[in-house]
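Beneath this line is the structure, given in structure tokens, with notes to follow.
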Amino acid sequence: MDRSLRVQAVIYANPDHYPPVVNGAHVMAKAGLQLDILGRDYAGLLGSDYCVSYPSQTRIRRVRATVGPSWLRFGTFLRGVLRRADRKADLFLGYDMHGFLAARLLATLYRRPLAYYCLDYVQAGTAESLGSRWVKAFERRYADSAALVIVPDRERGQVMSAELQLTSRPLTMASAPLHRFDSSGEALSEALAAQGKSLSRIILRQGRIGPGDAFE
């Protein structure tokens, strides 16, 4: 009996804050894929989460974020992922280097294909904490084991290919919104005016949107 392809994705962050992750869920649902996303739950640590609409066939599961040193936070997350991952997934997908590490372990454990989607690439020598340097070393060692590496722009792919010594060229897939925006800005201006606000300039940011990004 035919069944939908099952994808287990892992991101060491709140997926709600990443438009490319949300957009990707809609694209995969439209293609008939069953997507399960394991991410972090920051409830109580970074304030209220944003309300994001995911497709009905997409499952979002959150591993509670903990306080403490970075290695403890990531270790706790990794343990939660290993316990709750979909063992029947046909493909494991890791977002960024922390998610890639978790997805690589799952792909090895269950002998499934692996994909690496890099939204925020950390260049060599810029990882700050001891834990991040260790995760970066893991990425450098195993990135080429992924059947597919996806990047949002060609230039980033070129840097990654050189630093990670990838034998295959990364797939460039723009992280653009799925819906067309009003290019005149009138709809947004009207929405702001209804809240008693006015902005002379409006910036569209294609990246993480959440507490700590200074949009307030």
Side-chain angles (χ1 to χ4, degrees), residues 6-29 33-43 45-46 49-55 57-66 70-71 73-87 89-110 112-122 127 129 131-132 134-136 138-139 142-143 146-152 156 160 170-171 173-175 177-178 205-213:
R6 297 169 66 162
V7 179
Q8 174 68 77
V10 183
I11 181 170
Y12 187 53
N14 184 344
D16 301 355
H17 295 163
Y18 288 79
V21 177
V22 180
N23 292 344
H26 285 275
V27 171
M28 285 187 247
L33 279 65
Q34 293 184 0
L35 175 64
D36 183 307
I37 302 177
L38 277 170
R40 296 183 76 189
D41 180 5
Y42 291 100
L45 294 180
L46 295 177
D49 292 332
Y50 293 91
C51 295
V52 174
S53 175
Y54 291 96
Q57 60 267 53
T58 298
R59 182 167 63 165
I60 306 295
R61 293 184 294 157
R62 307 175 193 273
V63 178
R64 179 58 61 90
T66 57
S70 60
W71 63 267
R73 296 197 302 269
F74 182 59
T76 302
F77 174 78
L78 190 59
R79 182 177 61 183
V81 167
L82 292 175
R83 286 180 174 178
R84 302 174 63 184
D86 180 4
R87 300 181 181 183
D90 299 291
L91 171 72
F92 290 99
L93 168 65
Y95 284 102
D96 294 334
M97 64 181 188
H98 288 80
F100 171 71
L101 188 154
R104 176 61 165 76
L105 294 180
L106 292 170
T108 301
L109 183 62
Y110 299 113
R112 298 290 192 276
L114 170 70
Y116 179 21
Y117 194 154
C118 186
L119 300 169
D120 298 318
Y121 181 63
V122 178
S129 67
S132 292
W134 183 80
V135 174
K136 181 64 183 177
F138 185 96
E139 177 198 43
Y142 293 105
L148 179 65
V149 176
I150 306 169
V151 293
R156 189 174 324 198
M160 289 180 61
L171 172 65
M173 186 168 63
S175 303
L178 295 176
R205 172 186 168 112
Q206 280 299 107
R208 179 185 183 278
I209 301 174
D213 286 313

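Note that the numbering runs from 1 along the sequence shown for the chain. Small disclaimer: the values here were computed from a predicted structure and weren't measured.
Two residues are said to be in side-chain contact when any heavy atoms from C-beta on lie closer than 4.5 Å; Tyr54 and Pro15 meet this criterion. Under the 4.5 Å side-chain criterion, counting only non-hydrogen atoms from C-beta, Tyr142 is not in contact with Leu105.
Of the possible polar contacts, one joining the Gln8 side chain to the Asp86 backbone as a donor-acceptor pair under 3.5 Å is found. Proximity of a side-chain donor or acceptor of Asp96 to a complementary backbone N or O of Asp120 within less than 3.5 Å is detected. Judged purely by atom type and a 3.5 angstrom limit, Arg112 uses its side chain to pair as donor or acceptor with the backbone of Ala89.
Between Ala107 and Pro113, the closest heavy-atom pair is CB-O, 4.2 Å. Here the shortest heavy-atom pairing between Ala25 and Pro55 reads O-CG, 3.6 Å. Nearest heavy atoms, Leu119 versus Pro20: CD2-CB, 3.7 Å. Pairing each heavy atom of Val81 with each of Ala102, the nearest pair is CG1-CB, 4.2 Å.
Rounding to the nearest 0.5 angstrom, the gap separating the CG atom in Leu93 from the CE atom in Met28 is 6.0 Å. The distance from the CE atom of Met97 to the OH atom of Tyr116 is 7.5 Å, given to the nearest 0.5 Å. Distance check: Leu114 CG to Phe100 CZ gives 5.0 Å after rounding to the nearest 0.5 Å. The line from CH2 of Trp134 to CH2 of Trp71 is 12.5 Å long, rounded to the nearest 0.5 Å. Rounded to the nearest 0.5 Å, atoms CD (Gln34) and CZ (Arg59) are 9.5 Å apart. The structure places CD1 of Ile60 at 3.5 Å from CD1 of Ile37, a figure rounded to the nearest 0.5 Å.
The aromatic rings of His98 and Tyr12 lie parallel to each other, their planes meeting at an angle below 30°, with 60° marking the opposite boundary.
When each of Leu78, Val63, Leu106 is checked for a side chain to side chain contact (heavy atoms under 4.5 Å, CB included) with Val10, only Leu106 meets the rule. Of the candidates Asp41, Asp36, Asp16, Asp16 is the only one forming a salt bridge (Lys or Arg N to Asp or Glu O under 4.0 Å) with Arg62.
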Is there a side chain to side chain contact (heavy atoms under 4.5 Å, CB included) between Tyr95 and Tyr18? Walk through the geometry before answering. CA-CA 10 Å; Tyr95 284 102; Tyr18 288 79; over 6 Å; no
**Report entry** Audit row: Leu101, Phe74, side chain to side chain contact (heavy atoms under 4.5 Å, CB included) steps and yes/no
**Finding:** CA-CA 11 Å; Leu101 188 154; Phe74 182 59; 4.1 Å; yes
Practice item. Please assess Asp90 against Arg6 for the test salt bridge (Lys or Arg N to Asp or Glu O under 4.0 Å), listing each intermediate value before the final yes or no. Key: CA-CA 5 Å; Asp90 299 291; Arg6 297 169 66 162; 5.6 Å; no
